[in-house]
Colleague: 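Sending over a structure as structure tokens; questions will come in a sec.
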Protein chains: 2
Amino acid sequence: MADETRVRMLEAAGPIFAEKGFDATTVREICAAAEVNVASVNYHFGGKETLYLQTVKLAYRQRLQRVPPAAWPADAQPAHKLQIFVSTILNRVLGEGNIGWETRLLMREMLQPTQACQPVMEEYIRPQWDQLMGILDELLPDETTHHVRHQVAFSIVGQCLHYRFANEFVLFLIGDDWQNEAYSVGRLAQHITRFSLAAINGLSEVDLESELETQDVKPPIPAMT
Amino acid sequence: MADETRVRMLEAAGPIFAEKGFDATTVREICAAAEVNVASVNYHFGGKETLYLQTVKLAYRQRLQRVPPAAWPADAQPAHKLQIFVSTILNRVLGEGNIGWETRLLMREMLQPTQACQPVMEEYIRPQWDQLMGILDELLPDETTHHVRHQVAFSIVGQCLHYRFANEFVLFLIGDDWQNEAYSVGRLAQHITRFSLAAINGLSEVDLESELETQDVKPPIPAMT
DNA sequence: AGTGAATTCAAACAAGTGTATGAAACGCTT
DNA sequence: AAGCGTTTCATACACTTGTTTGAATTCACT
């Protein structure tokens with residue numbers, strides 16, 4: 001069956017593309033890993049590029065079905081919804097044992113989008129975004145401008161994705177402590193949820209006493225060597 | 001003068017490496033941009049790899065001197081310090097017009113560290129981290145565990161870096177609105193500072209009434225196609 | 001102006017790239 | 001078992017890659 005080899009190639013290509021990127025990966029390396037002939041790439045996929053696109057597609061499909069969209073009971077409190085949402089994102093992004101090739105590949109796409117990115121954005125990112133905006137509608141005062149809503153949403157998502165994007169960064173700073181149970185997906189989700197809820201609740205009050213005001217910081221020095 | 005060509009090559013290599021990554025970049029392309037012969041790479045740098053390392057070094061040196069480390073008056077309030085700190089990070093990361101090649105290259109290094117990364121971590125990242133931890137010492141209750149301190153720090157840094165890491169992500173979601181003045185570096189810094197301060201102030205209180213508790217979310221479904 | 005070292009250059013090199021080819025092997029229906 | 005379309009394979013083909021070479025040029029210094 002030809003389908004069997006096709007999926008074998010995709011599953012071999014995934015980790016390699018994720019680890020080294022499109023250009024640094026050679027079709028020969030993939031074929032060796034999949035134990036197929038070099039010509040298979042062109043026969044089954046028509047070229048390296050199409051193989052890559054299919055691999056990206058596979059990546060987010062697997063991610064999507066592995067960790068289904070966040071869902072909650074109809075009568076759930078907004079705060080509880082946020083908790084579930086954050087947990088879902090973290091699970092998707094950090095995966096099991098935070099070493100899945102799928103998210104590595106998707107992060108790569110996010111940093112430098114290729115042609116493969118549009119469907120990912122449309123089907124993977126956008127729904128989650130809409131979901132988050134829905135939760136914030138319940139949590140933020142009605143008069144909140146959409147700029148602020150967006151910024152709050154980015155603040156929440158940013159906290160989550162940071163652990164994937166800047167994973168090496170985190171590892172460098174805290175070292176082996178990363179293995180500590182305090183950095184389990186569950187605990188991180190708990191922290192981010194509490195942090196964000198506290199921020200949201202406090203935002204309106206801070207507005208009143210705000211002593212730091214529009215107080216701008218000195219612009220970059222126009223230095224020159 | 002040989003030095004002159006050397007810097008010309010580095011300045012030509014910077015944007016190209018930043019845009020396409022190490023492997024996708026060819027020495028011929030760099031040499032064409034720098035208007036020098038291909039052999040210059042090996043004559044002046046000994047090879048493509050060394051040229052890359054020097055380019056990364058140049059990137060964070062330039063970033064460092066362009067936006068000097070955060071500084072504040074001795075009697076500054078902790079909240080004000082945080083404001084200055086966040087502003088500094090955002091300025092470094094988003095730069096002027098958020099299109100500097102330097103940070104693009106550094107983000108690339110952060111996602112997939114190469115040999116060039118260690119000095120960057122040591123001299124560029126670590127000091128900022130220490131500075132932030134110092135500020136948090138003043139803002140958080142003394143009994144706060146170091147795990148929580150770290151997580152709060154990551155929450156703050158994560159919010160800042162998100163706008164660089166997931167820039168394409170942001171652009172996709174809000175479109176041209178990114179050009180709006182609401183997303184200027186100053187306004188973003190203001191939002192992140194307020195958000196984080198509100199979170200920090202609220203954290204201890206939330207602890208008491210915390211209804212969401214350690215309430216864990218369902219583990220990923222062991223699906224299979 | 002002349003000399004010797006430093007720098008630039010055009011050209012070539014071997015190795016590796018993605019892709020194409022045509023024959024061999026396979027699986028299925030007749 | 002024969003035949004035929006599908007899939008695999010070894011091999012070759014342009015082409016690009018980083019690097020090397022040796023001659024030509026430039027530069028600083030007496």
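Everything quoted here is computed from the prediction, not taken from an experiment. Naming: A, B, ... by sequence-line order, numbering from 1 per chain.
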Colleague: Scan residues 20-35 of chain A for pairs that pass side-chain hydrogen bond (donor to acceptor under 3.5 Å, both in side chains), counting only residues two or more places apart or in two chains.
Modeller: Lys20(A)-Glu29(A)

Colleague: Using a 4.0 Å cut-off on protein heavy atoms (strictly under), produce a 5'-to-3' string for nucleotides 10-22 of chain C with B for base contact, S for backbone-only sugar-phosphate contact, and - for none.
Modeller: B-B----BBBBB-

Colleague: Angle between ring planes, Phe17(B) versus Tyr52(B), binned at 30° and 60°: parallel, tilted or perpendicular?
Modeller: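 If you compare the ring of Phe17(B) with that of Tyr52(B), the planes turn out perpendicular.
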
Colleague: Just by distance, do the side chain of His147(A) and the backbone of Ala182(B) share a donor-acceptor pair under 3.5 Å?
Modeller: no

Colleague: Given atom CG of Asp3(B) and atom C1' of dT7(C), what is their separation to the nearest angstrom?
Modeller: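 Distance check: Asp3(B) CG to dT7(C) C1' gives 12 Å.
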
Colleague: Please state how far atom CD in Glu29(B) lies from atom P in dT19(D), giving the value in whole angstrom units.
Modeller: 16 Å

Colleague: Rounded to the nearest 0.5 Å, what separates atom OG1 in Thr193(A) from atom CD1 in Ile156(A)?
Modeller: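 Here the interatomic distance stands at 8.5 Å.
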
Colleague: Are His44(B) and dA6(C) close enough that a side-chain N or O sits under 4.0 Å from OP1 or OP2?
Modeller: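 So the side-chain polar atoms of His44(B) never come under 4.0 Å of the phosphate oxygens OP1 or OP2 of dA6(C).
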
Colleague: So, does Ser40(A) get its side chain near the phosphate of dC9(D), meaning an N or O under 4.0 Å from OP1 or OP2?
Modeller: no

Colleague: Provide, to the nearest angstrom, the distance between the OH atom belonging to Tyr43(A) and the C1' atom belonging to dC9(D).
Modeller: 13 Å

Colleague: For the atom pair CD1 (Ile89(B)) and CD1 (Ile192(B)), what is the distance rounded to the nearest 0.5 Å?
Modeller: 10.0 Å

Colleague: Take atom CZ of Phe45(B) and atom P of dT8(C), then tell me their distance rounded to the nearest Å.
Modeller: 11 Å

Colleague: Please report the distance, rounded to the nearest Å, between CE in Met9(B) and C1' in dG18(D).
Modeller: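 Between C1' of dG18(D) and CE of Met9(B): 13 Å.
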
Colleague: For the residue pair Tyr163(A) and Phe154(B), does the interplanar ring angle fall in the parallel (under 30°), tilted (30 to 60°) or perpendicular (over 60°) class?
Modeller: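 If you compare the ring of Tyr163(A) with that of Phe154(B), the planes turn out perpendicular.
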
